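Structure first, commentary second.
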2 protein chains.
Amino acid sequence: MKRSPTVADVARLAGVSTATVSRCLNAPGTVRPGARAKVDSAIAELGYVPDGAARALASRRAGTIGAVVPTLENSIFAKGIHSLQNRLAAAANTLLLASSNYSLDQEEHEIRTLVSRGVDGLVLIGTSHRAPVYELLRRKSIPYVNTWTFDPRGPHPCVGFDNRQVAGRIARYLLDLGHRRIAMISGVTLDNDRASERVAGVERTMSDQGLLLQADWLIERPYSIVDGRTAFHHLMSSGPRPSAVICGNDVLALGAVFEAEAMGVDVPGDVSITGFDDLELASHISPSLTTARVPVEHMGIAAADYLISRISGRTFPERTELEVQLVVRETTGRAPDE
Amino acid sequence: MKRSPTVADVARLAGVSTATVSRCLNAPGTVRPGARAKVDSAIAELGYVPDGAARALASRRAGTIGAVVPTLENSIFAKGIHSLQNRLAAAANTLLLASSNYSLDQEEHEIRTLVSRGVDGLVLIGTSHRAPVYELLRRKSIPYVNTWTFDPRGPHPCVGFDNRQVAGRIARYLLDLGHRRIAMISGVTLDNDRASERVAGVERTMSDQGLLLQADWLIERPYSIVDGRTAFHHLMSSGPRPSAVICGNDVLALGAVFEAEAMGVDVPGDVSITGFDDLELASHISPSLTTARVPVEHMGIAAADYLISRISGRTFPERTELEVQLVVRETTGRAPDE
DNA sequence: TTTAACGATGTAAGCGTTTACAATGCAAGC
DNA sequence: GCTTGCATTGTAAACGCTTACATCGTTAAA
């Protein structure tokens, strides 16, 4: 296995200096066409591929962006990452991906790893991160952006929406339909500010109407279809039934809808169900799911653009609020008469 | 913004040489506990974080693995990547992710980028990749592994299953149920060896029974629910109806099942439908989907293990075949009487 | 024609690690 | 007490690239 060719090899073959070869790669405009042609053909002949590590070391620029998501198993994050990655690739950046499995401690660890890999920027999800993380990013002055969240008053750059406000809108919509017996199947709120904000939004909106989200009608479950099913089943088979169930995301809501069908509970006749995310599926199941459309593609793009701008010294709004639309479909209807 | 601390700073503060600091980081066993303690506290005091680029340059090891997937929008790939990433992280490797959007040319470009970023290994999907890609990997002797495919005779390391054979099993299963009028909604076969192998498997198995997969009963569509719906709709509304529809993956199959319900077509009474992948959803929709369970988690783990072994010089089987189970559920039944 | 200014190129000094090799100290063996 | 051998540490040379600076023609301005 012989050594890979280096700039020096290319330079020798092309009859120029290594500096010129480097310039051909990084600023082709600054080198005369004649020389450039010689270099290009030397590169082709040798099959030269620049060494990223050396390049990163010398230029203090890695060309990579890191992202830490809770999980890729929820396709809403996968879609967001897909969009982020495509936008980054278009700007010649590569994505380094890690997952936290919904643990802030693991997140901190993954972020440290990414930072030591030398990422130029970081995409995070949510607002709550361990203090040492923010400290590290500040000290190394690594640009970062929180996504899936929007906090106009917070100190951190963000691209997203106000989870509390959107959840509140869902609750208000149900209240307007006459629902009073409202239950919620939330995601696990520990280490998850989006989940707790959504709960808070529902609670706040209900209490504005003098209503209370009872403790036994607030169920926390991991985001999975099966958990949505069992939670819904539990809600429907113990004591008085709620007339509406707000789910922390679409996955839980899908579970609820499936379980309702299995139990013979009429949706929305007996009970209304709402989701959060608007997965592709939401519009196809029957009854189709009323939910909030999270602008994942847009979020990925905006996060990429923010970081790319920051890295190249350009300016970009520190906070971007994205619109979340309430998509009313068939799983919600007027509250049944008492 | 002051310079980040380097090994030299740590060494000075700890009163040792840079070599010792380096050893503390990479082979703690070889340095005396006393010295190690001093180094550790110096690291903590300075908040030192090693520079990945410099480390990669000096050690010829990046600690990163690249992966190129067609898309993350299909959650089956997202799950695979999730599993791969978790396994890699456990072995202190970071994942560099790119997507090809089902284009081999774009794949080649992304692979070149990853290679120049200095990945230690590469996870690819499928067997068909541009010749220059294989050539490049060979020349730079970068370990790689093809996933989602199993080719015992091919020259490439792989972890997966035989798409043709599994598709054939699905077809045979339907034939055994008495189906003769079989149609297929395939994914786009251009640049996608898994999709074309699946078609080939169905065709082969049918022709073994003297049957033909008619041209107008083989529809190619991008993998999306909507495309599954429209394709199914088309199949059911032009000319004689098939009694069974084999779908290239679960996403298409979900579309078909949803459309059947919308059209009032009875599944499996009027028509049987099969998928491929076994998404979480497949078992929850109604009727639940008969499909082939692709062992994504296992595939991610095995791919990670293969590369990690290769990189650390250990040996690992070049080809791993994973079992794919045919999961019979409610969307398939005996062919209706003629 | 002279001079200044500029564009293209080369020289060489890093960038922050790792690691081969040398040096040192120490315990054990004789 | 002298050797040996081992464990630990230090010295300094890569690793492959970018880029500040110097150099050298050339051209435009005066």
Side-chain angles (χ1 to χ4, degrees), chain A residues 1-40 42-43 46-64 92 113 115-120 140 312, chain B residues 1-40 42-43 46-64 92 115-120 140:
Chain A
M1 165 181 58
K2 53 189 174 311
R3 218 177 88 287
S4 284
T6 71
V7 265
D9 299 317
V10 175
R12 199 172 312 118
L13 182 59
V16 299
S17 74
T18 61
T20 299
V21 175
S22 174
R23 281 188 278 257
C24 278
L25 261 29
N26 302 300
T30 68
V31 31
R32 253 182 328 134
R36 201 185 327 157
K38 280 190 298 179
V39 171
D40 287 345
I43 287 177
L46 295 173
Y48 167 75
V49 180
D51 178 310
R55 189 189 273 231
L57 181 57
S59 69
R60 326 287 318 129
R61 270 277 206 88
T64 60
T113 303
V115 167
S116 84
R117 294 266 186 259
V119 294
D120 296 331
K140 301 218 105 188
S312 52
Chain B
M1 165 180 59
K2 54 188 171 316
R3 218 174 88 282
S4 284
T6 71
V7 266
D9 299 318
V10 175
R12 201 171 310 120
L13 181 59
V16 299
S17 74
T18 61
T20 298
V21 175
S22 174
R23 281 188 277 258
C24 278
L25 261 28
N26 302 300
T30 67
V31 30
R32 252 183 327 137
R36 203 187 324 160
K38 280 189 300 182
V39 170
D40 286 346
I43 286 177
L46 295 172
Y48 167 75
V49 181
D51 178 310
R55 192 188 271 233
L57 180 57
S59 70
R60 326 286 317 129
R61 270 279 206 87
T64 61
V115 166
S116 86
R117 294 269 185 255
V119 293
D120 296 331
K140 302 217 106 193

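Model, not experiment: these values are computed from the prediction.
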Can you find a pair of side-chain heavy atoms, one from [X] and one from [Y], that are under 4.5 Å apart?
X: B/Cys24; Y: B/Val21; value: no
X: A/Arg117; Y: A/Thr64; value: no
X: B/Tyr48; Y: B/Val39; value: no
X: B/Arg12; Y: B/Thr18; value: no
X: B/Leu13; Y: B/Lys38; value: no
X: A/Arg55; Y: A/Leu25; value: yes

Length of the CZ-C1' vector between B/Arg12 and D/dG10, whole Å: 16 Å
Sugar-phosphate only, base, or nothing, as touched by B/Ala35 at under 4.0 Å among non-hydrogen atoms: sugar-phosphate
Donor-acceptor contact below 3.5 Å, side chain B/Asn26 vs main chain B/Arg23: no
A/Asp120 side chain vs A/Arg61 backbone, donor-acceptor pair below 3.5 Å: no
Bending between helix ends of the helix from C/dT1-D/dA30 to C/dC30-D/dG1 [5 pairs per end, 10° resolution]: 30°
Base versus backbone protein contacts along nucleotides 11-22 of chain D [heavy-atom cut-off under 4.0 Å; B, S, -]: BB--BBBBB---
